[in-house]
Amino acid sequence: MSPPPILEVADFLADPVVAADFPRTILRFRNDSAASEIGLQDLSDEDWIRHFGRFKPLPDNLPEPLALRYHGHQFRVYNPDIGDGRGFLFAQLKDQSGRWLDLGTKGSGQTPYSRFGDGRLTLKGGVREILATEMLQALGVNTSRTFSLIETGEELHRGDEPSPTRSAVMVRMSHGHIRIGCFQRLAYLKLDDELKRLTDYALRTYFGSASSDPVELVRHVVAGTARLAASYMAAGFVHGVLNSDNINVTAESFDYGPWRFAPVFDPNFTAAYFDHAGLYAFGRQAEAIQWDVVQLAGALRTLADVDALIAELDRFPELYRQALVERFLWRLGVHPRGLDEDIRLVAAIEQALIGSQIPIDHFFFDWAGGNLRGDDTPYAHEAFSDFRTRIAHYRPARALDHPYWAGDPCSMHIEEVEAIWSPIAERDDWSALYAKVERIRNMGAALQ
Ligand code: AMP
Ligand code: MG
């Protein structure tokens, strides 16, 4: 196999680090569906733990883990002191289609970028990331996957969890881990040659392009992130921390901390308790992500024609609107009828959901295929009148013969997240988590 591509840029992008030596390694979750994409599904549990709990290098892969260097805007304030402070890139493997996939960690120990942090992840944080990624994947969002979760037997102290709390190390799988903040760091340090090399690397590795034009990179990132923002809205998802160091140039959603699914369509709904101004509220996510992409273009401005960069940035709103229509219609399971008409349908859905405060997941479930199934009572609300007139013209795009459609909608609100966590915390009972993952995957199959 060809060497991991990160080695082309590691000299200025990463630092070799050593994983923490954990007192225990108890396997809690292995994602065999993700593992089968990179040929690792046949590992025994023992070998799995050796690689993803003890971080013994995979054969012919990175000889030592690499902590990536980056800066970023956090809540719009530039921070040059961040970087992989509790994670590293462990390995890169090709999938069947020849696409490189990264295995990156969270909670694997301290690095030169840990500052005052312990480099650890709480077990609850790991469980929450499993739930977020499984749900988002099922809802058609371009997300990292939770590949592995191993409990590590340490006691951690955190302000936002009853402490001491249990520790874990997680491995995530995603196409890439090059954040907007990686480019910002190089621009901040005025490392123009390295900025060029990283641009080349990103275009070649993630977009299969032979170009080294920063304008082309921004074009890809604008398209991907506009779509990501739209898919959060259709999923009813609030990421919570849309800082520029948490936005990947591949536009894969990742790094799930204080995320929540909005129970009802409330644009002001926030996820992070520390987001006092509502900067990353449900309805402001497109604006927040676009702002981050502007920082990418800003970082590349010394290498490119500024007017050309601005022209790419200006395409974000239109691409966002197109993607919003595509994602809403996909979730509803109806065929498009043309952008203008579809935009009005989406507006009518938003108006109905805001006006009625009906749970988002119930609405999409009850109206799957464009015809109301089940109880009409909630939909007699006047907020639905425009929607009902419009939806009558749409044709179903999905057969509803999957058993999922005969049951209840699968959702992921905070009460249920806590209810899944409680038996784990109280009596080490993991059955609710595994049952939920199965149910989410069942929904994913129904939405195919
Ligand atoms: P996040 O808010 O998770 O995106 O993290 C922002 C920055 O803080 C990154 O540089 C992280 O690596 C770092 N960080 C977060 N938690 C810890 C921790 N427990 N130990 C060390 N670094 C951390
Ligand atoms: Mg982060």
Side-chain angles (χ1 to χ4, degrees), residues 13-15 17-20 22 65-90 102 104-130 132-133 136 143-144 146 149 152 154-161 163-172 174 176-185 188 225 228 238-260 270-276 279-280 285 288-289 292 295-296:
L13 193 73
D15 298 273
V17 290
V18 176
F22 297 113
L66 296 173
L68 297 193
R69 302 176 187 171
Y70 54 84
H71 293 174
H73 279 90
Q74 298 184 306
F75 289 86
R76 307 249 157 126
V77 179
Y78 195 76
N79 190 345
D81 293 321
I82 51 178
D84 271 345
R86 56 168 164 172
F88 50 63
L89 181 60
F90 174 62
D102 283 3
T105 63
K106 193 170 184 178
S108 48
Q110 288 174 315
T111 75
Y113 307 101
S114 301
R115 293 170 292 164
F116 304 108
D118 57 8
R120 303 306 202 260
L121 170 70
T122 68
L123 183 63
K124 186 178 185 184
V127 166
R128 282 177 49 88
E129 185 140 341
I130 294 171
T133 50
L136 288 174
T143 178
S144 68
T146 306
L149 185 70
T152 48
E154 297 179 317
E155 292 193 338
L156 305 181
H157 292 269
R158 292 287 185 274
D160 53 0
E161 283 183 40
S163 296
T165 186
R166 289 152 73 179
S167 65
V169 64
M170 192 192 87
V171 177
R172 73 162 76 96
S174 66
H177 278 90
I178 305 297
R179 307 145 191 259
I180 288 176
C182 295
F183 290 86
Q184 288 183 276
R185 173 180 165 272
Y188 179 91
T225 54
L228 175 66
V238 190
H239 180 283
V241 196
L242 294 173
N243 293 334
S244 64
D245 57 301
N246 281 346
I247 305 292
N248 200 323
V249 293
T250 59
E252 290 163 291
S253 172
F254 78 120
D255 211 1
Y256 301 100
W259 63 268
R260 291 220 189 161
T270 53
Y273 66 90
F274 46 85
D275 185 5
H276 305 293
L279 182 64
Y280 299 141
Q285 296 185 107
I289 292 173
D292 291 327
Q295 306 318 306
L296 173 67

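For the single chain, residues carry numbers from 1 onward in sequence order. These numbers come from a predicted model, not from an experiment. Counting convention: from 1, in listed order, for ligands and their atoms alike.
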Verify the distance test for N246 against the Mg ion (ligand 2): any N/O/S atom under 2.8 Å, yes or no.
yes
Check your understanding: Would you say D255 has an N, O or S atom lying under 2.8 Å from the Mg ion (ligand 2)?
Key -> yes
Pairing donors with acceptors under 3.5 angstrom, does anything connect the side chains of [X] and [Y]?
X    : Y    : result
S244 : Q295 : no
T152 : E154 : no
T146 : T133 : yes
D81  : Y113 : no

When every non-hydrogen atom of H71 is compared with those of I82, the smallest separation belongs to C-CD1, 3.7 Å
### Query
If you measure from the Lys or Arg side-chain nitrogens to the Asp or Glu carboxylate oxygens, is any gap between R172 and E129 under 4.0 Å?
yes
(request) Please determine if D292 and R179 form a salt bridge, counting it only when a charged side-chain N lies under 4.0 Å from a carboxylate O. (result) no
Nearest heavy atom to atom 10 (O) of ligand 1, choosing from G83, A67, G85, belongs to G83
Taking heavy atoms and a distance under 4.0 Å, where does [X] meet ligand 1: side chain, backbone, both or neither?
X    : result
R120 : backbone
V241 : neither
D118 : both

Any atom of ligand 1 sitting under 4.0 Å from a heavy atom of [X]?
X    : value
Q74  : yes
H71  : no
G257 : no

Q74 and N79: side-chain contact (heavy atoms from CB on, under 4.5 Å), yes or no, with the steps?
CA-CA 7 Å; Q74 298 184 306; N79 190 345; 2.9 Å; yes
Counting only non-hydrogen atoms of the protein, does one fall under 4.0 Å from atom 5 (O) of ligand 1? no
Does atom 2 (O) of ligand 1 have a protein heavy-atom neighbour under 4.0 Å away?
no
